[in-house]
Chemist: 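Got a structure here, written out as structure tokens. Questions coming.
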Amino acid sequence: MRKYRINGGIALSGAVDISGAKNAAVAILPAAILSDEPCRIENIPNIKDVTISLEILEALGAQVTRIDSHTVEIDPRTLKTYKVDCALARRMRASYYFLGALLGKHGHAWVPMPGGCYLGARPINLHIKGFRALGADVVHLPPETCEEGDGNFAENYVEIEAERLLGNSIYLDTVSVGATVNIMLASVRARGLTVIENAAKEPHIVDLANFLNTMGADVSGAGTDVIKIRGVPSLHSATYSVIPDQIEAGTYMAAVVATHGDVLVRNVIPKHLESITTKLEEMGALIEEMDDAVRVRCAGPLRACHIKTMPHPGFPTDMQPQTGVLLSMAEGASVISEGIWENRFCYVEELARMGAQVTVEDKTKATFTGVPALQGATVRATDLRAGAAMVIAGLAAEGTTYIEDIHYIERGYEDIVEKLRRLGADIELLEE
Ligand code: UD1
């Protein structure tokens, strides 16, 4: 059993360097398949989800050369199959990006339904709608009765193929990061123009578009809700550096506020942090923006505020649990409305073990009545961001906190123990 032990109550201070963005890296690595030549990707975070993506690429036959812990070279010319390894695919959500990448390159993809965090139903109907609009045939979809984790693995895969992909206009009924990425991947080498309307605008969508364009693609409008992709016949080699992780940065910012610390959060794009910065300031934090860093301080008590999670540029759902911890210690009552996922408040039960007072209505709305302090306890990471929230709660709490199921946290946070220790935290990985 591996777990974290945290002795709380120490104000974080110093400087922390933010790693490359997980959600950009897990889209860019499969995108390298689309090239006809090797690509070099820099600033990839050293996390489990990236390791799994690289293992999937290797299992497909690509030559993967790890230059150092943050740089990799991918040569897709040796690809030998369109089938993604089951055991690997089921360990992460973003394995479904291999659908778009393999379809876009070879016209055929076979991908097991992904695993990852259970945040509620995670349908892929919009991905499929996009592939079909481009002319692909869906050979197999998992039966409706086949839900994640139900053990009916034999049927739980998607197979798509296309003789030829043709550009088309696709309207996304719901703003979906995953569907936007997959349609971009599938259409980048299709014949003609593809237009994605009501596209997601997250920073990692823009990062993926920039990577594709560096390889010679013709993608415009990423970062707005209409993305245009004019298909090109081939893509060439490229060297590309992944953007900093907006959510990792936000998590450290929240940890500083929770412990009333003073930290320089380096290697960030402050513009990507605006919605997070605004809410932390509303709670009483002082945030100073520099070119590629933000200084976060918090001296006084935390103030209550209301949050609604929304697609970018709204407040990110992936920062919801971390800010929930802050609101559980803020003076007064705060409401968080979760606008993306129906199952994102599982962490509340864990937080309650530490003395938080939270009531959840309809699974998507929670009221936090602030308490003066949280108390150390044994808690679980129920998913990746919920795990990060438990770390923040442990850092702020009086006494000792043990966090179990930390494999979730390791999926998305590089070196979290060392980074926090360098900021003065008393946190330790226990391996029993
Ligand atoms: C991505 C992020 C995840 C983040 C989420 C929302 C990655 C690897 N993961 O997940 O961390 O929490 O965006 O910012 O980047 N939907 C449909 N049909 C579909 C697809 C999605 O109805 O075909 C719905 C989902 O149920 C959800 C909403 O659309 O309510 C947003 O989902 P989406 O943006 O697709 O999330 P992911 O790409 O899975």
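Computed from a predicted model, the values in this text were never measured in an experiment.
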Chemist: Which pair of non-hydrogen atoms, one from Gly221 and one from Ile227, has the smallest distance, and what is that distance?
Modeler: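 The answer is O-CG1, 3.9 Å.
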Chemist: Please say whether more than 12 non-hydrogen atoms of neighbouring residues, nucleotides or ligands are located less than 6.0 Å from CZ in Arg266.
Modeler: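 Enclosed: over 12 neighbouring heavy atoms sit under 6.0 Å from CZ of Arg266.
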Chemist: Between the side chain of Asn156 and the main-chain N/O of Pro142, is any donor-acceptor distance below 3.5 Å?
Modeler: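 Not at all, since once roles are kept as given, no pair shorter than 3.5 Å links the two residues.
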Chemist: Please check if the side chain of Thr214 supplies one atom and the backbone of Ala238 the other of a donor-acceptor pair under 3.5 Å.
Modeler: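 Not a single qualifying donor-acceptor pair exists.
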Chemist: Do Glu404 side-chain atoms and Lys3 backbone N/O form a donor-acceptor pair below 3.5 Å?
Modeler: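 Flag not set: sc Glu404 to bb Lys3 has no pair under 3.5 Å.
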Chemist: Ignoring hydrogens and angles, state whether a donor on the side chain of Asp245 or Tyr413 is under 3.5 Å from an acceptor on the partner side chain.
Modeler: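 Judged by distance alone, the side chains do not pair up.
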Chemist: Output all residues satisfying side-chain contact (heavy atoms from CB on, under 4.5 Å) with Glu161, sequence neighbours left out; order by chain, then residue number.
Modeler: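 Applying side-chain contact (heavy atoms from CB on, under 4.5 Å) to Glu161 gives His108, Val139.
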Chemist: Looking at Ser275 and Pro313, what are the two nearest heavy atoms and their distance?
Modeler: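 Nearest heavy atoms, Ser275 then Pro313: CB-O, 3.7 Å.
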Chemist: Take atom CD of Glu197 as the centre, draw a 6.0 Å sphere, and report whether it contains more than 12 heavy atoms from other residues, nucleotides or ligands.
Modeler: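 Enclosed: over 12 neighbouring heavy atoms sit under 6.0 Å from CD of Glu197.
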Chemist: Does some side-chain heavy atom of Tyr97 sit less than 4.5 Å from a side-chain heavy atom of Ser53?
Modeler: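 Counting from C-beta outward, Ser53 and Tyr97 never come under 4.5 Å.
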Chemist: So does Val158 get a backbone contact from the side chain of Tyr96, meaning a donor-acceptor N/O pair under 3.5 Å?
Modeler: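 No: the side chain of Tyr96 does not pair with the backbone of Val158.
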Chemist: I'd like to know if the side chain of Asn198 and the backbone of Leu172 have a donor-acceptor N/O pair within less than 3.5 Å.
Modeler: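 Such a contact is found between Asn198 side chain and Leu172 backbone.
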Chemist: Is it the case that atom CZ in Arg230 sees more than 12 heavy atoms from other parts of the structure closer than 6.0 Å?
Modeler: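 Not buried by this count: 12 neighbours or fewer within 6.0 Å.
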Chemist: Out of the candidates Val195, Leu212, Leu185, Ile196, only one should pair with Ile229 under the side chain to side chain contact (heavy atoms under 4.5 Å, CB included) rule; please name it.
Modeler: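 For Ile229, the side chain to side chain contact (heavy atoms under 4.5 Å, CB included) check succeeds only for Ile196.
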Chemist: Do Met319 and Lys279 have side chains that get closer than 4.5 Å, going by heavy atoms?
Modeler: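 The answer is no, as the side chains (C-beta and beyond) never meet within the 4.5 Å cut-off.
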Chemist: Out of the candidates Arg77, His236, Arg189, Met215, only one should pair with Asp36 under the side chain to side chain contact (heavy atoms under 4.5 Å, CB included) rule; please name it.
Modeler: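 Result: among Arg77, His236, Arg189, Met215, Arg189 is the only option passing the side chain to side chain contact (heavy atoms under 4.5 Å, CB included) with Asp36.
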Chemist: Is a side-chain donor or acceptor of Thr81 paired with a backbone partner of Lys83 at a separation under 3.5 angstrom?
Modeler: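 Answer holds: yes.
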Chemist: Verify, without hydrogens or angle tests, whether Asp49 (side chain) and Met92 (backbone) share a donor-acceptor contact under 3.5 angstrom.
Modeler: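 A pair under 3.5 Å: no.
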Chemist: I want to check something: taking the side chain as every heavy atom from C-beta on, are Ile409 and Ile416 in contact at a cut-off of under 4.5 Å?
Modeler: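 They are in side-chain contact.
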Chemist: Side chain of Thr71, backbone of Asp68: donor and acceptor closer than 3.5 Å?
Modeler: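 The answer is no, because no donor-acceptor pair under 3.5 Å joins these two groups.
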Chemist: Could you check Gln322 against Thr251 for side-chain hydrogen bond (donor to acceptor under 3.5 Å, both in side chains), going step by step and ending with a plain yes or no?
Modeler: CA-CA 6 Å; Gln322 301 91 313; Thr251 300; 3.1 Å; yes
Chemist: Closer than 3.5 angstrom, by distance alone: can the side chain of Lys228 be matched with the main-chain N or O of Leu193 as a donor-acceptor pair?
Modeler: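 Side chain of Lys228 to backbone of Leu193, a donor-acceptor pair under 3.5 Å: no, none is there.
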Chemist: Please identify which of these residues, Lys308, Gln320, Arg344, meets the side chain to side chain donor-acceptor pair (under 3.5 Å) condition with Glu338.
Modeler: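 With Glu338 as partner, Lys308, Gln320, Arg344 yield a single side chain to side chain donor-acceptor pair (under 3.5 Å), made by Gln320.
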Chemist: Should Ile205 and His312 count as side-chain neighbours, where that means a heavy-atom distance under 4.5 Å?
Modeler: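 They are not in side-chain contact.
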Chemist: A side-chain contact here means heavy atoms from C-beta on lying under 4.5 Å apart; do Asp292 and Asn267 qualify?
Modeler: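 No, their side chains stay 4.5 Å or more apart.
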Chemist: Would you say Arg421 and Glu418 make side-chain contact, with heavy atoms under 4.5 Å?
Modeler: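 Yes. Closest side-chain heavy atoms under 4.5 Å.
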Chemist: With a sphere of 6.0 Å drawn around CD of Glu55, does it hold more than 12 non-hydrogen atoms of other residues, nucleotides or ligands?
Modeler: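 Atom CD in Glu55 is packed in, count exceeds 12.
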Chemist: For the residue pair Tyr402 and Val379, establish whether any side-chain heavy-atom pair is separated by less than 4.5 Å.
Modeler: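 They are not in side-chain contact.
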Chemist: So, the side chain of Lys363 versus the backbone of Phe345: is there a donor-acceptor pair under 3.5 Å, distance only?
Modeler: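 Not confirmed, Lys363 side chain does not pair with Phe345 backbone.
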Chemist: Test Lys22 against every option in Val50, Leu384, Ile247 by the side chain to side chain contact (heavy atoms under 4.5 Å, CB included) rule and name the one that passes.
Modeler: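 That would be Leu384; it is the only one of Val50, Leu384, Ile247 passing the side chain to side chain contact (heavy atoms under 4.5 Å, CB included) with Lys22.
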Chemist: Just so I know, are the side chains of Val256 and Arg297 near enough to count as touching, which here means a heavy-atom distance under 4.5 Å?
Modeler: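 Of all side-chain heavy-atom pairs linking Arg297 with Val256, none is under 4.5 Å.
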Chemist: Between Ser69 and Asn46, which heavy-atom pair has the shortest distance, and what is it?
Modeler: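 So the two residues come closest at CB-ND2, 3.8 Å.
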